[in-house]
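Here the structure comes first, spelled out in structure tokens, and everything after it is commentary.
Here is the naming used below: chain letters follow the sequence lines, and residue numbers restart at 1 for every chain.
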Amino acid sequence: MATESSATPPAQAARSTAYDPTTIEPRWYRYWESNGFFRAERRPDKTPHVIMMPPPNVTGRLHMGHALQDTIQDALTRLRRMQGYEALWMPGKDHAGIATQNVVERTLREQEGRTRHDLGREAFVERVWQWVDEYGDIILQQKRRLGDSCDWSRERFTLDARYERAVQDVFVRLYEEGLIYRGDYLVNWDPENRTALSDEEVENVERDGHLWYVRYPIEGEDGFITIATTRPETMLGDTAVAVHPEDERYRHLVGKTVRLPLLGRSIPIIADEYVKMEFGAGALKITPAHDKNDFEIGRRHGLDVINIMNPDATINERGGPYAGLDRFEARERIVADLEAQGLLVKVEDHTVNVPISSRSKEVIEPLISRQWFVRMEPLAKPAIEAVRDGRITFYPERWANEYFRWLENIRDWCISRQLWWGHRIPVWYHTRPDGTIDESRGFVVSIDQPEPGMVQDEDVLDTWFSSWLWPFATLGWPDEDEQTRQDLAYFYPTDVLVSGYDILFFWIARMIMAGLHFTGEVPYRDVFITGMIKDKYGRWMSKSLGNGIDPLEMIEQYGADAVRFSLTILCAQGQDIKLDPTKFEMGRNFANKIWNAFNVFGQFMEIGEDGRPLRDYRRQRAFGELELVERWMLTRLNQTIAAVEEDIARYRLNEALTKIYQLFWGDYCDWYLELIKPPKGQDMDEDTIALAVELYERMIQLLHPFMPFITEELWWRLRPRRDGEACIVSAWPTRNEAEEDPEGAAVFGLMQEMISGIRNVKSQHGVAPGKEITALVNLPAEAVGSIEALRRHARYFDRLARVTDLTVGSGLARPAACASVVVGRAEVFVPLAGMIDLDQERERLAREIEQKERFLTGVQKKLANPQFVTKAPAEVVERERQKERDATAELKRLRASLAELG
RNA sequence: GGGCGGUUAGCUCAGCCGGUUCAGAGCACCUGCCUUACAAGCAGGGGGUCACUGGUUCGAAUCCAGUACCGCCCA
């Protein structure tokens, strides 16, 4: 029983000539959704096709990247659905730890002048939930405007209770397997957010900096050793000076000590191969607590580790007189003080690589802190294997290399974050009577509180530590109830992941690791990596540049179908897209073309007041009984279906869509429709309507995955249909080779060339296209078939080139004052007495002759080469011979025509 | 420093597991058309030594090597 909202929407009663998507699109979306067409269920009789939508951040707003990737995922989902698969496109959203916390903190600050610390953890997290409840769904609502046909009944959130359980379960498992450990290490510290970040969240940016040369006085003798540094403020934490063991300049100093300027601490001079002799002065200050390499050196030499910084990147009490200063202020002061003491030798300009937080864009501070890590190597190995042995395929392939490179050099993953919003780390500590944590008693890793009085780790997990479980946790893993077990068995592994290369490491690779480790299977078989959307100058779209293009505005302006069409056609394999809003005109124009093409035959159909046809126009004629142009069109259609199939199998959606576009516009509209139009004032006969409907129907089915709205709307205007017989669930067209007629199509192709030639002649001679003319087609006597076909289809010449009198035969005399067109073995004479400009015609023919000669010379050169004749495949040689014969004959006729013009 | 991608018409880009007049599309441009489906359109046209150099091959925009410039990723 259809509910009110699921009733098929009425068609617009009054048709306007320009297609207006604004009312049509939302109506069909409601219709599809309320009829459950997006829903997927376990159906043992059907093969599933599953795509997991990369969950957008709850703070997110739809941008062009989403629009592109959703368009692709939706096209694949709709296509598979039509092909009879049980198509599941699973939507959801990501809690996005730092991003979301930042948004709420900012609102708090701006609206109430308070910080999260003013509220306290519990109240703050409560606030974030309120925010998520209010705004978290916006992006998913926006996705509906695009037409996403995902199964909203299965929508998941990375902080759903069940999902949270999965995340914590994974933590516990990995810990028990020895793959998670805690330790004090140098991590990437974001002073703005005051949290650790993973290596992947750090961007290295080249900046103009300086190289300061500083003298460290040697103890026990006069003299100095000069070190060079790009970060002088870290000298407060120096615990050694290092030189290369083979550096003759310094060899005698190794083992001695220097007095650290400003603080006066005594530190050793050590020898380490890491030091580059040619860099700076050849001596390096070592600050194990604030530099990755120094940390390693410090470890090798058992150096002290002195942390001189607070979490907010101010200098701590270990910095003596500089305590309390911001790191950059401290730098200036230290340089000034060194200079004042005569210890600054010189300053050079120097380009430095500065690590930047991809979150806050603040300069990252390498800082020693106690964090949780995942041992990645054991997880990476199977992930490498899965791609190497072909269980997973990347499209385009080259991304597999990026993937290998990262996995083969993988470093442990810092997963703890000093945030409040996210999955709390399932680790518990004993407390002392005063409530503080008693580290001496160790910790317990457990989802639930192990014993009363224990407190949970304050930190939360990296957001990606939850989203790497997305493909299976969304299906209920690791629950073992019957429902979940069967869902996983049916829908998992999924078929294809569509995403951008920007999260290849963050997410795609980690999902593969997690999938293999926890489910024993790959999470998806194909990975389709899209290019990224850039602005028209090739720059990343960003808020700060203000160069973003809002997909919703574009949808308003051009329609979702148009946006989808343009994005798909622009999305070539792996290439970034330089997007300009005018590109959407392409899609809009095409939608308009589709809309208007319907009218060519639609105006002759019996249509009810609701815009729906009253009768079903069904083809009565067998293929052989069809008109030439009809057989040609069916041939083109079937060939295109086959080609589209191949393109889609390789994820070449742009090529598939281009072919459908050409079929619809270039063949169907420009030739077929023009030829089936009845003469003015006459009706279109039913047989003609029936085939026009059939062809149109199949083409809008081909277009439906890409342009779902307009195709659904027109689908219902083509035939009377029962409730629920929607385009979205119609059967995808398959190639019918029985309805291909290559010979007929070739004859039609010949006519197309002739017609184009005649149009060209008219245009070149300034004859109005509508001017009625006569023409003669001369063919060799043996071309009986062609002669007959042309005679029978003289109407085509009338219709398309206004040739009202066509004579076809062999040995026809060339009329005086005529232009001529050579097509293969045929010659078309166009008598244009009184209209023809002889000079023009001579010029035109000369041009053609020149072109043809160039072509023939090329062919003859090939054939004159004995190597070619003997080595090239026989059919290629034969093809060249045929070309030579044709061109020679054509040239002869062209020359004759020119000669006869005098 | 290592790796990858790009360089094709004025612009934006397809084509790239070699051979169909393969040199294409859209936009822009020029000419002519409000031809009762569509001016968001129709018909016709101009425009490119496929970055450069060399190689493989009977044959290269397409495969290989190198060079230049642009961009990205990693260190």
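Separation of the P atoms belonging to U21(B) and C34(B) is 38 Å when rounded to the nearest angstrom. Rounded to the nearest Å, the gap between the P atom of C16(B) and that of G54(B) is 26 Å. Using C1' as the reference atom, C13(B) and C17(B) are 22 Å apart when rounded to the nearest Å. Taking atom P in both G5(B) and G10(B), one finds a spacing of 27 Å when rounded to whole Å. When the P atom is compared between A60(B) and U53(B), the two are found 15 Å apart, to the nearest whole Å. The C1' atoms of A75(B) and C58(B) are separated by 47 Å, rounded to the nearest whole Å.
Side-chain contact between Ile364(A) and Leu197(A) is present, with heavy atoms from C-beta onward closer than 4.5 Å. Here the side chains of Arg359(A) and Glu201(A) are in contact, with some heavy-atom distance below 4.5 Å.
Residue Arg759(A) is classed as a sugar-phosphate contact, given heavy-atom separations below 4.0 Å to backbone atoms only. As judged by a 4.0 angstrom heavy-atom cut-off over every strand, Asn204(A) is placed among residues touching the sugar-phosphate backbone only. Using a 4.0 Å heavy-atom criterion, one finds that Glu402(A) contacts the sugar-phosphate atoms exclusively. Within 4.0 Å (heavy atoms only), Ser756(A) reaches sugar-phosphate atoms of the nucleic acid but no base atom. Among the heavy atoms of the strands, none lies under 4.0 Å from Lys762(A). Using a 4.0 Å heavy-atom criterion, one finds that Gln603(A) contacts the sugar-phosphate atoms exclusively.
Around atom NZ of Lys361(A), more than 12 heavy atoms belonging to other residues, nucleotides or ligands sit under 6.0 Å away. Few gaps surround CD on Glu878(A); more than 12 heavy atoms of other groups in view lie less than 6.0 Å from it. Around CD of Glu377(A), the count of heavy atoms belonging to other residues, nucleotides or ligands within 6.0 Å does not exceed 12. Other residues, nucleotides and ligands contribute at most 12 non-hydrogen atoms within 6.0 Å of the NZ atom of Lys276(A).
Considering only side-chain N and O atoms, Asn589(A) lies under 4.0 angstrom from the phosphate OP1 or OP2 of G41(B). The side chain of Arg405(A) places no N or O atom within less than 4.0 Å of a non-bridging phosphate oxygen (OP1 or OP2) of G3(B). Checking the phosphate oxygens (OP1, OP2) of A75(B), a side-chain nitrogen or oxygen of Arg411(A) falls inside 4.0 Å. Between Lys593(A) and the phosphate of C42(B), there is a side-chain N or O to OP1/OP2 separation shorter than 4.0 Å. For Trp665(A), a side-chain nitrogen or oxygen approaches OP1 or OP2 of C42(B) to under 4.0 Å.
Mapping Thr582(A) and Glu200(A) onto RNA chain B by nearest heavy atom places Thr582(A) closer to the 5' end of the strand. The residue among Lys534(A) and Trp671(A) whose nearest nucleotide of RNA chain B lies closer to the 5′ end is Trp671(A).
In this structure a side-chain-to-backbone donor-acceptor pair under 3.5 Å is present from Ser566(A) to Lys583(A). In terms of modelled atom types and a separation under 3.5 Å, the side chain of Asp647(A) and the main chain of Leu653(A) share no donor-acceptor contact. When atom types are taken as modelled, the side chain of Arg799(A) and the backbone of Ile676(A) share no donor-acceptor pair closer than 3.5 angstrom.
Here the C1' atom of nucleotide A75(B) and the CD atom of Glu408(A) are 16 Å apart, to the nearest Å. Atom-to-atom, CG of Asn409(A) to C1' of G1(B) comes out at 14 Å; the value is rounded to the nearest Å. Between the P atom of C38(B) and the OH atom of Tyr668(A) lies a distance of 16 Å, rounded to the nearest Å. Here the C1' atom of nucleotide A75(B) and the OH atom of Tyr274(A) are 11 Å apart, to the nearest Å. The distance from atom CG of Asp502(A) to atom C1' of C4(B) is 16 Å, rounded to the nearest whole Å. Atom C1' of nucleotide G46(B) and atom CG of Asn760(A) are separated by 12 Å, given to the nearest angstrom. Rounded to a whole Å, the CZ atom of Phe505(A) is 11 Å from the C1' atom of G3(B). Note: CD (Glu884(A)) to P (U20(B)) measures 17 Å, nearest angstrom.
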query: Given Thr640(A) and Arg636(A), is the side chain to side chain contact (heavy atoms under 4.5 Å, CB included) satisfied, shown in steps?
result: CA-CA 6 Å; Thr640(A) 304; Arg636(A) 289 283 305 120; 3.9 Å; yes
- prompt: Between Arg388(A) and Glu408(A), is a salt bridge (Lys or Arg N to Asp or Glu O under 4.0 Å) present by the stated rule, with each step listed?
  reply: CA-CA 13 Å; Arg388(A) 283 221 195 284; Glu408(A) 281 160 3; 2.7 Å; yes
Intermediate values then yes/no, salt bridge (Lys or Arg N to Asp or Glu O under 4.0 Å), Arg510(A) and Glu200(A): CA-CA 12 Å; Arg510(A) 286 179 181 152; Glu200(A) 287 69 36; 2.9 Å; yes
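Closest to the side chain of Val600(A), from the set A40(B), G5(B), A37(B), is A37(B). The listed nucleotides are A75(B), C73(B), A40(B); the one nearest the side chain of Asn353(A) is A75(B). When each of A75(B), A40(B), G19(B) is scored by its nearest atom to the side-chain atoms of Arg588(A), the top-ranked nucleotide is A40(B).
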Protein-to-nucleotide contact annotation, 5' to 3' order, nucleotides 56-61 of chain B [B base; S sugar-phosphate only; - none; under 4.0 Å, heavy atom]: --B---
task: Using a 4.0 Å cut-off on protein heavy atoms (strictly under), produce a 5'-to-3' string for nucleotides 9-18 of chain B with B for base contact, S for backbone-only sugar-phosphate contact, and - for none.
output: ---BSSSSB-
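For RNA chain B, the stems formed by at least three consecutive Watson-Crick or G-U pairs, with both atom-pair distances below 3.5 Å, span B:1-7 with B:68-74, B:10-13 with B:24-27, B:29-33 with B:41-45, B:51-55 with B:63-67.
Considering Phe394(A), Tyr651(A), Tyr395(A) in turn, Tyr651(A) is the only one that fulfils the ring pair (Phe, Tyr, Trp, His ring centres under 6.0 Å) rule with Phe528(A).
With salt bridges taken as basic N to acidic carboxylate O contacts below 4.0 Å, none links Lys578(A) and Asp535(A).
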